[in-house]
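These notes are about the structure you will find just below.
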Amino acid sequence: MNPGQDTLSKAYDPSQVEQKWYQFWQEQGLFHADENSERPPFSIVIPPPNVTGLLHMGHALNNTLQDILCRWKRMEGYNVLWLPGTDHAGIATQNVVEQQLLKEGTDRHQLGRERFIQRVWRWREESGRTIIHQLKRLGSSCDWERERFTLDEGLSAAVREVFVRLYEEGMIYRGDYIINWCPRCQTALSDLEVEHEEMKGNLYYVRYFWVDGPDHLTVATTRPETILGDTAVAVNPKDPRYTGIVGRQVYLPLVKRPLPVVADEYVSIEFGTGALKITPAHDPYDFQVGVRHQLPSLKVIDEKGQMSEATGQYAGMDRFECRRLLLEELRKEGHLEKVEPHRHAVGHCQRCRTIVEPLLSKQWFVRMEELARPAIEAVQEGRARIIPKGWEKTYFEWMTNIRDWCISRQIWWGHQIPAWHCQDCSGITADRATPAHCKHCGSSKIIQETDVLDTWFSSALWPFSTLGWPQRTRELELFYPTSVLVTAFDILFFWVARMMMMGLKFRGDVPFRDVYIHALVKDIEGKKMSKSRGNVIDPLIMIDRYGADAFRFTLAAFAVQGRDILLSEERIQGYRHFANKLWNAARFVLMNLEGYSHPATPEGEMGDLDQGQLTIVDRWILSRLTGAIRQVKSAMEEYRFNEVANALYQFIWHEYCDWYLELIKPRLRSAGPDRLSAQRVMVWVLDMCLRMLHPIMPFITEELWQQLPVEGETIMRAPFPQVREVWFAPQTEEEMGLTMEVIGEIRNIRSELNIAPSKKVEVILSSPDEGERAMLQAHAEDISLLASLASLTVVSQHEKILGALTSMVSKTEVIVLPGEGIDMEGERKRLRKELAKIEEDLLLLEEKLSREDFRAKAPPEIVEKNLERREALREKESRLRRGLARIEGEA
RNA sequence: AGGCACGUAGCUCAGGGGGAGAGCGCUUGCUUGACGCGCAAGAGGUCGGCGGUUCGAGACCGCCCGUGCCUACCA
């Protein structure tokens with residue numbers, strides 16, 4: 001340390017410091033959680049990003065907030081575990097590698113399962129470090145020694161354990177149901193992986209002629225290609241138009257296959273013609289109708305999205321091409337009655353946007369109802385809190401209407417389902433390890449299920465599988481349930497709800513005490529950032545350009561609960577200015593440390609200063625600091641990150657820099673105890689600011705803290721500031737408030753009347769109030785300094801002064817003495833403007849006070865306050881009038 | 001269709017019943033010994049509309065208008 005010497009550059013350059021400190025923290029093991037520590041635990045598991053993915057704004061916000069919490073809790077003395085990791089993102093990752101193969105002119109089937117999987121692992125090795133590296137650039141203080149991956153051996157063991165137990169309990173079943181099928185990804189999808197999108201389509205009215213007579217029944221459909229798979233036509237039994245037709249038959253158009261007419265309440269009378277064609281193999285609700293009426297299922301579209309063998313002449317044709325052809329033929333044959341434009345929601349694959357095909361298929365499912373119940377109760381009873389609370393409703397809504405979860409995927413990258421099919425008795429054996437024999441018949445001719453599990457199945461176990469479960473580890477004991485989960489609402493169902501269910505089922509307790517749901521990051525027009533829109537802001541580029549700290553601060557400052565973040569580069573740039581301001585404040589402090597020695601005092605004590613050595617200004621900043629600490633801590637506790645950021649911004653810039661540092665400049669230039677006390681306070685307050693700011697801006701705060709003459713190895717281990725009531729001094733704040741207002745008034749006069757900043761003026765402060773006079777007298781030097789005065793006189797009353805410029809603060813009249821070349825016309829304008837404002841205020845106030853009801857019913861202190869205010873305004877008004885009269889009298 | 005948010009300064013947003021706020025932008029002035037990524041001063045608002053509760057509403061309630069999102073089986 002070199003007190004008194006300026007060792008800092010004029011502007012903050014993040015590139016010089018970020019990597020250095022990140023490396024330092026890691027080498028010192030500061031991110032590592034100690035499973036044998038006695039300190040209270042605080043734990044967060046990271047929402048695992050896709051292993052081969054890249055960091056986007058959502059990740060950046062998500063991880064910034066987690067890092068803020070973790071760094072803060074460490075400083076508060078907790079044993080913090082922030083467990084990082086990635087997930088294998090089955091479909092997405094497989095897609096990427098399949099694209100690569102396509103370019104090479106091959107595909108996974110030519111490669112074979114084993115070699116394909118090896119290939120994906122290789123791709124993971126190549127790209128899997130990218131996102132981890134990017135998280136580090138952001139400053140994330142994760143415990144990298146505990147990094148996990150959903151396909152790790154340990155996590156895979158957890159997956160098998162959960163699968164087998166659920167299967168044995170009958171909670172997992174296999175069966176033929178309508179599922180969502182992506183013809184491009186060639187796999188089943190869960191309901192959640194289908195995104196509905198409003199699309200323009202048509203409603204086709206098709207005539208089905210009666211078997212037993214002339215005429216026809218008209219049905220309306222949006223998907224004519226499924227006509228080939230119809231096995232009935234249904235009408236509502238309450239529909240008066242169709243009484244008596246149930247039991248009759250119609251011919252399926254073109255094919256001429258007879259179909260029964262059935263009655264089902266599901267059919268809506270209002271829609272279309274009220275007659276609905278039933279295709280049990282290609283519509284989830286038709287499927288249910290089919291079950292109720294024991295209708296056969298005819299699969300006419302296959303897994304590739306092409307017409308199946310069962311469609312004869314149409315076999316092998318693309319489903320949409322077939323639609324066109326069929327329409328043509330229907331029209332030709334006189335079956336097409338009319339076509340109406342129709343908007344409807346069409347399901348798209350979340351991963352590749354292909355239109356999803358509802359398909360009858362044999363898949364594995366998890367029964368959800370029984371798992372959901374305790375997960376609902378846990379939130380109802382407050383054992384887990386969702387913040388902001390508004391999301392609870394969404395959570396309950398979904399949980400109470402939950403449907404069974406299709407967990408099997410027809411891809412290769414993932415956890416292969418630990419179930420074996422017997423080729424002799426066709427029984428299923430589920431096991432944790434590869435079994436030798438069929439559990440049912442003892443046959444050794446068993447083959448493992450080829451399907452893999454939905455990635456979210458393994459993610460659902462994340463909060464305990466990462467801690468070593470099913471083994472009973474020290475970590476699991478100590479860190480489960482985790483303290484808080486930080487995530488965005490878009491994976492509330494995918495992930496949060498499922499973790500809740502699995503945690504309760506297998507650990508008997510919620511996986512996290514709090515769930516903090518943060519905003520989505522969007523562009524400045526409120527649109528979601530996406531590559532196709534070309535409106536993405538790359539977090540890494542922002543970090544390169546403005547530094548990780550400015551970037552993180554921006555995200556924190558905009559992280560308001562319940563509102564999306566509209567981000568633009570300008571915002572980040574703005575907060576870079578703040579980083580620079582802080583840098584220069586510290587630079588100023590370091591430049592003024594001559595003769596300073598850091599007191600050897602216990603942590604949390606400022607030093608060996610006699611209270612008497614502190615000036616009012618010192619006490620003021622300490623009191624304001626106390627308020628800032630209080631604000632920051634309570635905001636932190638309630639996840640109100642924007643308030644934390646704004647409180648610190650406001651305090652550091654507009655109180656510490658604008659007022660305190662300015663006011664102590666003369667003391668720093670002097671010698672003796674005055675200087676020492678100023679140094680002590682300025683160093684102390686800066687130290688506290690850096691600590692409070694560290695969770696949001698880790699790099700710059702470490703860099704500056706290391707330069708300051710303070711004790712400690714790293715700011716990461718410096719205790720977070722505590723509120724100390726003794727420093728809270730409301731009277732001092734009020735006194736300083738008066739001083740600051742007087743300075744403001746003088747500056748205003750100077751500015752509005754174009755008095756050059758370099759020109760010093762003479763000022764008289766006149767107040768009938770003895771208390772105010774005493775205060776102002778005490779601050780005479782401060783006022784002279786910041787308002788640039790040649791002289792200042794405080795009096796109880798004064799003679800009329802020709803051409804004086806006046807203003808009022810509280811009971812004090814501020815009089816700036818006329819100098820050369822004062823613009824009296826400007827002064828008149830200024831006073832008139834001021835007067836007009838006061839008169840308007842007074843009018844409103846008079847009106848309020850004159851109301852009987854107000855006097856009678858408002859709380860006395862409010863009435864009193866308003867009366868006082870009226871007095872002050874009246875006084876101010878009359879003084880200004882006199883000032884104005886003086887000028888106008890001269891003119 | 002249902003549900004949930006949100007309409008406050010040019011822009012992005014805070015505002016937990018008693019004198020309309022911040023940041024950015026804008027205007028004016030400033031080589032003030034930390035900082036022009038700065039300093040100082042200023043302009044700018046029927047708080048979406050209409051009702052209601054209240055002595056008092058930007059805040060609480062209802063309706064309407066506008067915007068966004070989520071959930072949905074009306075083919």
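In what follows, chains carry the letters A, B, and so on, assigned in the order in which the sequence lines appear, proteins first and then strands, with residues in each chain numbered from 1.
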Just checking A:Arg870: base, sugar-phosphate only, or nothing, at a heavy-atom cut-off of under 4.0 Å?
-> nothing
What nucleotide, of B:rC35, B:rA41, B:rC13, holds the atom closest to the side chain of A:Ser751?
-> B:rA41
Which of these passes salt bridge (Lys or Arg N to Asp or Glu O under 4.0 Å) with A:Glu752: A:Arg832, A:Lys833, A:Arg830, A:Lys829?
-> A:Lys833
C1' gap between B:rC65 and B:rC26, integer Å = 32 Å
Can you name the side chain to side chain donor-acceptor pair (under 3.5 Å) partners of A:Thr554, sequence neighbours left out?
-> none
C1' atoms of B:rG18 and B:rG58, separation to the nearest Å | 13 Å
Can you tell which of B:rA43, B:rA41, B:rA14 lies closest to the side chain of A:Lys833?
-> B:rA43
Nearest whole angstrom, please: distance from the P of B:rG33 to the CG of A:Leu593.
-> 20 Å
Distance only, no hydrogens: is a donor on one side chain within 3.5 Å (strictly under) of an acceptor on the other, for A:Asp549 and A:Tyr575?
-> no
May I ask you to say what A:Arg576 touches in the nucleic acid, namely base, sugar-phosphate or nothing, with a heavy-atom cut-off under 4.0 Å?
-> base
Spacing of the C1' atoms in B:rA1 and B:rC55 (rounded, Å) | 44 Å
Ring pair (Phe, Tyr, Trp, His ring centres under 6.0 Å) assessment of A:His342 paired with A:Phe271 | CA-CA 12 Å; A:His342 179 66; A:Phe271 193 88; 5.6 Å; yes
B:rG16 and B:rA59, which share atom name C1', separated by this distance in whole Å = 9 Å
Ignoring backbone atoms, establish whether A:Asn642 has a side-chain N or O less than 4.0 Å from OP1 or OP2 of B:rC13.
-> no
Residue A:Tyr649, side-chain atoms from C-beta onward, closest of B:rA43, B:rC4, B:rG23 = B:rG23
Hey, are A:Arg241 and A:Asp239 close enough for a salt bridge, meaning a charged N less than 4.0 Å from a carboxylate O?
-> yes
Looking for any heavy atom pair under 4.0 Å, which part of the strands does A:Ile862 touch: base, sugar-phosphate only, or nothing?
-> base
What interatomic distance, in whole Å, is found between P of B:rA22 and the corresponding atom of B:rC39?
-> 15 Å
Of all the nucleotides listed (B:rA34, B:rG38, B:rU12), which has the minimum atom distance to the side chain of A:Leu566?
-> B:rU12
Any A:Lys665 side-chain nitrogen or oxygen under 4.0 Å from OP1 or OP2 of B:rU32 | no
Short N-O contact, A:Glu868 and A:Lys865, less than 4.0 angstrom | no
For the side chain of A:His577, counting heavy atoms from C-beta on, which of B:rG18, B:rC37, B:rA34 is nearest?
-> B:rC37
Distance between P atoms of B:rC6 and B:rC13 (Å, rounded) = 12 Å
For nucleotides B:rG48 and B:rA43, find the distance between their C1' atoms and express it as a whole number of Å.
-> 25 Å
Smallest heavy-atom separation, A:Ala550 atom then A:Ile572 atom, equals CB-O, 4.2 Å
Per the atom types in the model, does the base of B:rC35 pair as donor or acceptor with the side chain of A:Lys581 at under 3.5 Å?
-> yes
Which listed nucleotide (B:rA40, B:rC55, B:rU12) is nearest to the side chain of A:Ala858?
-> B:rC55
Between CZ of A:Arg750 and P of B:rA40 the distance, given in whole Å, is 14 Å
Check RNA chain B for consecutive Watson-Crick or G-U pairs with both distances under 3.5 Å and list the runs of at least three as stems.
-> B:1-7 with B:65-71, B:10-13 with B:21-24, B:26-30 with B:38-42, B:48-52 with B:60-64
May I ask you to say whether A:Arg667 pairs ionically with A:Glu781, meaning some side-chain N is under 4.0 Å from a carboxylate O?
-> no
Per atom distances to the A:Ala11 side chain, the nearest of B:rC37, B:rU12, B:rG29 is B:rC37
Could you check how far OH of A:Tyr395 sits from P of B:rA5, rounded to whole Å?
-> 19 Å
Geometric cation-pi criterion A:Lys581 and A:Tyr12, 6.0 Å radius, 45° cone | no
Nearest-Å distance for atom pair CG/C1', residues A:Leu785 and B:rU32 = 10 Å
So, A:Ser190 versus A:Glu193: side-chain donor-acceptor pair below 3.5 Å or not?
-> yes
What's the CG-P distance between A:Leu8 and B:rA34, to the nearest Å?
-> 14 Å
Would you tabulate the nitrogen or oxygen pairs shorter than 3.5 Å linking the protein to nucleotides 69-75 of chain B?
residue	atom	partner	partner atom	Å
B:rC73	OP1	A:Tyr285	OH	2.2
B:rC74	O2	A:Ser268	OG	2.6
B:rC74	N3	A:Ser268	OG	3.1
B:rA75	OP2	A:His342	NE2	3.4
B:rA75	O3'	A:Thr222	OG1	3.3
B:rA75	N6	A:Ser268	O	3.2
B:rA75	N6	A:Phe271	O	3.1
B:rA75	N1	A:Ser268	N	3.3

Chi angles and distances behind the ring pair (Phe, Tyr, Trp, His ring centres under 6.0 Å) call for A:Tyr546, A:Phe551 = CA-CA 7 Å; A:Tyr546 306 106; A:Phe551 177 56; 9.2 Å; no
Taking the same atom, P, in B:rG36 and in B:rU31, what whole-Å distance lies between them?
-> 15 Å
Indicate, with a heavy-atom threshold strictly under 4.0 Å, whether A:Glu643 touches base, sugar-phosphate, or nothing.
-> base
Among the nucleotides B:rU12, B:rA34, B:rG42, which one has an atom lying closest to any side-chain atom of A:Leu661?
-> B:rA34
